[in-house]
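Note that these values count all heavy atoms, side chains included, but never hydrogens, waters or copies made by symmetry. Naming: A, B, ... by sequence-line order, numbering from 1 per chain.
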Number of protein chains: 2
Amino acid sequence: MEQQTLCPRFEKGMDMFSRRWTGLIIYQLLEGTQRFCTIQGALPISGRLLSERLKELEAEGVVVRHVYPDIPVRIEYSLTDKGRALEPVIREIQKWSADWIEPNLQADQQ
Amino acid sequence: MEQQTLCPRFEKGMDMFSRRWTGLIIYQLLEGTQRFCTIQGALPISGRLLSERLKELEAEGVVVRHVYPDIPVRIEYSLTDKGRALEPVIREIQKWSADWIEPNLQADQQ
DNA sequence: ATAATTAGTTACGAATAGTAAGTGAATCGA
DNA sequence: TCGATTCACTTACTATTCGTAACTAATTAT
């Protein structure tokens with residue numbers, strides 16, 4: 001069967017968004033600029049993956065990294081305009097989750 | 001550092017949405033009921049993964065599967081109300097992609 | 001001297017994804 | 001009647017990604 005073509009921009013957007021942790025990292029940064037360890041403390045993600053994702057998001061222009069040469073070094077991450085523009089996406093996922101996901105989730109379910 | 005707790009419903013919604021192909025499958029089914037081979041033809045996904053994802057989405061109540069015992073068998077997939085409720089999420093990702101992803105994507109870029 | 005903090009990196013096994021081939025029932029063409 | 005095709009999957013296997021744990025370097029605290 002012939003491969004229909006999708007809009008490549010939409011496909012790329014979806015691809016970025018459907019990488020694990022991406023959405024939650026952006027959700028966290030919508031609260032404001034945060035340090036590496038703060039993000040890590042807020043999400044159940046390992047340092048290895050957080051580091052990897054932040055690099056990817058920086059490369060895509062969604063996140064910016066600021067280095068403050070304090071001791072110990074302080075590094076802050078924030079959203080660019082492109083990143084902040086994802087807020088409506090996150091909001092819609094929040095709405096959908098609130099409306100359609102059963103509230104009685106137990107630890108060992110699913 | 002102590003693990004902050006996220007809203008478990010939001011976390012689950014995000015988790016579902018950020019599994020590869022989920023978004024694009026839902027996007028396809030928003031066009032209406034479709035057969036397995038039609039979805040496969042519309043997306044660059046293999047049969048193995050499409051089958052796996054459709055089962056997961058069915059288990060989550062996002063997709064329904066109808067079997068018509070024609071010859072050869074015809075199986076149609078459609079969105080439930082829960083699935084159709086994801087339309088605003090998809091729309092927002094479309095908007096964002098249109099606004100923020102460079103239009104000149106080449107095959108070998110990124 | 002030892003431990004802790006920050007923002008990572010490295011190593012490695014486990015889980016997930018992707019590719020290709022196979023399945024079974026039925027239909028069609030040669 | 002043999003072989004090819006269709007549909008909706010499975011199975012087998014390899015490649016990529018994930019998750020855990022340990023490690024790094026500079027500095028401060030105990």
Chemist: Can you tell me if B:R74 touches the phosphate of D:dT6, counting only side-chain N or O atoms and a distance under 4.0 Å to OP1 or OP2?
Modeler: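 No.
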Chemist: Could you check how far CZ of A:R19 sits from C1' of C:dT16, rounded to whole Å?
Modeler: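 Computing the A:R19:CZ to C:dT16:C1' distance gives 16 Å.
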Chemist: To the nearest 10 degrees, how far apart in direction are the end axes of the helix from C:dA1-D:dT30 to C:dA30-D:dT1, each fit to five base pairs?
Modeler: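 The two end axes of the helix from C:dA1-D:dT30 to C:dA30-D:dT1 meet at 20°.
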Chemist: Hey, can you pull the donor-acceptor pairs under 3.5 Å for the side chains in residues 82-92 of chain B, sequence neighbours left out?
Modeler:
from: B:K82; atom 1: NZ; to: B:E60; atom 2: O; distance (Å): 2.7
from: B:R84; atom 1: NH1; to: B:L79; atom 2: O; distance (Å): 2.9
from: B:R84; atom 1: NH2; to: B:D81; atom 2: OD1; distance (Å): 2.7
from: B:E87; atom 1: OE2; to: B:R91; atom 2: NE; distance (Å): 3.3
from: B:E87; atom 1: OE2; to: B:R91; atom 2: NH2; distance (Å): 2.7
from: B:R91; atom 1: NH1; to: B:Q94; atom 2: OE1; distance (Å): 2.6
from: B:E92; atom 1: OE2; to: B:K95; atom 2: NZ; distance (Å): 3.2

Chemist: Is the backbone of A:G61 close enough, under 3.5 Å, to the side chain of A:T80 for a donor and an acceptor to pair up by distance?
Modeler: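 Checking the backbone N and O of A:G61 against the side chain of A:T80, a donor-acceptor pair under 3.5 Å is found.
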Chemist: Measure from CD1 on B:I45 to P on C:dA17 and round the result to the nearest Å.
Modeler: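 In whole Å, C:dA17 P and B:I45 CD1 are 9 Å from each other.
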Chemist: Carefully, step by step, assess A:E58 and A:K55 under the rule salt bridge (charged side-chain N to carboxylate O under 4.0 Å, His left out).
Modeler: CA-CA 5 Å; A:E58 207 193 338; A:K55 264 184 221 162; over 6 Å; no
Chemist: Please list, chain by chain and in numerical order, all residues satisfying side chain to side chain contact (heavy atoms under 4.5 Å, CB included) with A:Q34, sequence neighbours excluded.
Modeler: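 With sequence neighbours excluded, A:Q34 shows a side chain to side chain contact (heavy atoms under 4.5 Å, CB included) to A:Q28, A:L29, A:E31, A:T38, A:I39, given in chain and number order.
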Chemist: When you get a sec, tell me which of C:dT6, D:dA8, D:dC18 is the closest nucleotide to the side chain of A:R35?
Modeler: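 Looking only at heavy atoms from C-beta outward on A:R35, the closest nucleotide is C:dT6.
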Chemist: Going by the salt bridge (charged side-chain N to carboxylate O under 4.0 Å, His left out) test, which pairs reach into residues 40-50 of chain A, not counting sequence neighbours?
Modeler: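 For residues 40-50 of chain A, and leaving out neighbouring residues, the salt bridge (charged side-chain N to carboxylate O under 4.0 Å, His left out) pairs sorted by first residue read A:R48-A:E52.
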Chemist: Could you tell me the separation between the CG atom of A:L24 and the P atom of D:dG19, rounded to a whole number of Å?
Modeler: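 My rounded result for the distance is 12 Å.
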Chemist: Can you figure out which of C:dA7, D:dC9, C:dA17 approaches the side chain of B:R53 most closely?
Modeler: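 Nearest to the side chain of B:R53 among the choices is C:dA17.
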Chemist: Applying a 4.0 Å non-hydrogen cut-off, can you work out what B:Y68 is touching in the nucleic acid: base, sugar-phosphate, or nothing?
Modeler: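 Touches nothing.
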Chemist: Specify the separation, in whole Å, of atom CD of A:E52 and atom C1' of D:dG19.
Modeler: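 It is 11 Å, rounded to the nearest whole Å.
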Chemist: Would you say a side-chain N or O of B:R20 is under 4.0 Å from OP1 or OP2 of D:dC18?
Modeler: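 False: B:R20 side-chain N/O out of range (4.0 Å or more) of D:dC18 OP1/OP2.
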Chemist: Strictly under 3.5 Å: I want the nitrogen or oxygen pairs between protein and nucleotides 19-27 of chain C, one per line.
Modeler:
from: C:dT19; atom 1: O4; to: B:R48; atom 2: NE; distance (Å): 3.4

Chemist: Please name all residues satisfying salt bridge (charged side-chain N to carboxylate O under 4.0 Å, His left out) with A:D15, sequence neighbours left out, ordered by chain then number.
Modeler: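 With neighbours one apart ignored, the set is A:R19.
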Chemist: Of the listed nucleotides (C:dG8, D:dG19, C:dT16), which one gets closest to any side-chain atom of A:W21?
Modeler: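 Per side-chain heavy atoms of A:W21, the pick is D:dG19.
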Chemist: Does anything in residues 42-91 of chain A pair up under ring-ring contact (aromatic ring centres under 6.0 Å, His included), and if so which pairs, sequence neighbours excluded?
Modeler: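 Those involving residues 42-91 of chain A do not exist here.
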Chemist: Taking only residues two or more places apart in sequence or in another chain, which ones pass ring pair (Phe, Tyr, Trp, His ring centres under 6.0 Å) with A:F10?
Modeler: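 Only B:Y27 meet the ring pair (Phe, Tyr, Trp, His ring centres under 6.0 Å) criterion with A:F10.
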Chemist: Do any N or O atoms from the side chain of A:R9 and from the backbone of B:A98 form a donor-acceptor pair under 3.5 angstrom?
Modeler: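 Present.
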Chemist: Would you mind reading off the distance between B:Q40 atom CD and D:dC7 atom P, rounded to a whole angstrom?
Modeler: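 Computing the B:Q40:CD to D:dC7:P distance gives 10 Å.
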Chemist: Would you say B:K55 places a side-chain N or O within less than 4.0 Å of OP1 or OP2 belonging to D:dT10?
Modeler: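 For B:K55, the contact criterion (side-chain N or O under 4.0 Å from OP1 or OP2 of D:dT10) is met.
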Chemist: B:F36 CZ to D:dA8 C1': how many Å, rounded?
Modeler: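 So the CZ-C1' distance, B:F36 to D:dA8, works out to 6 Å.
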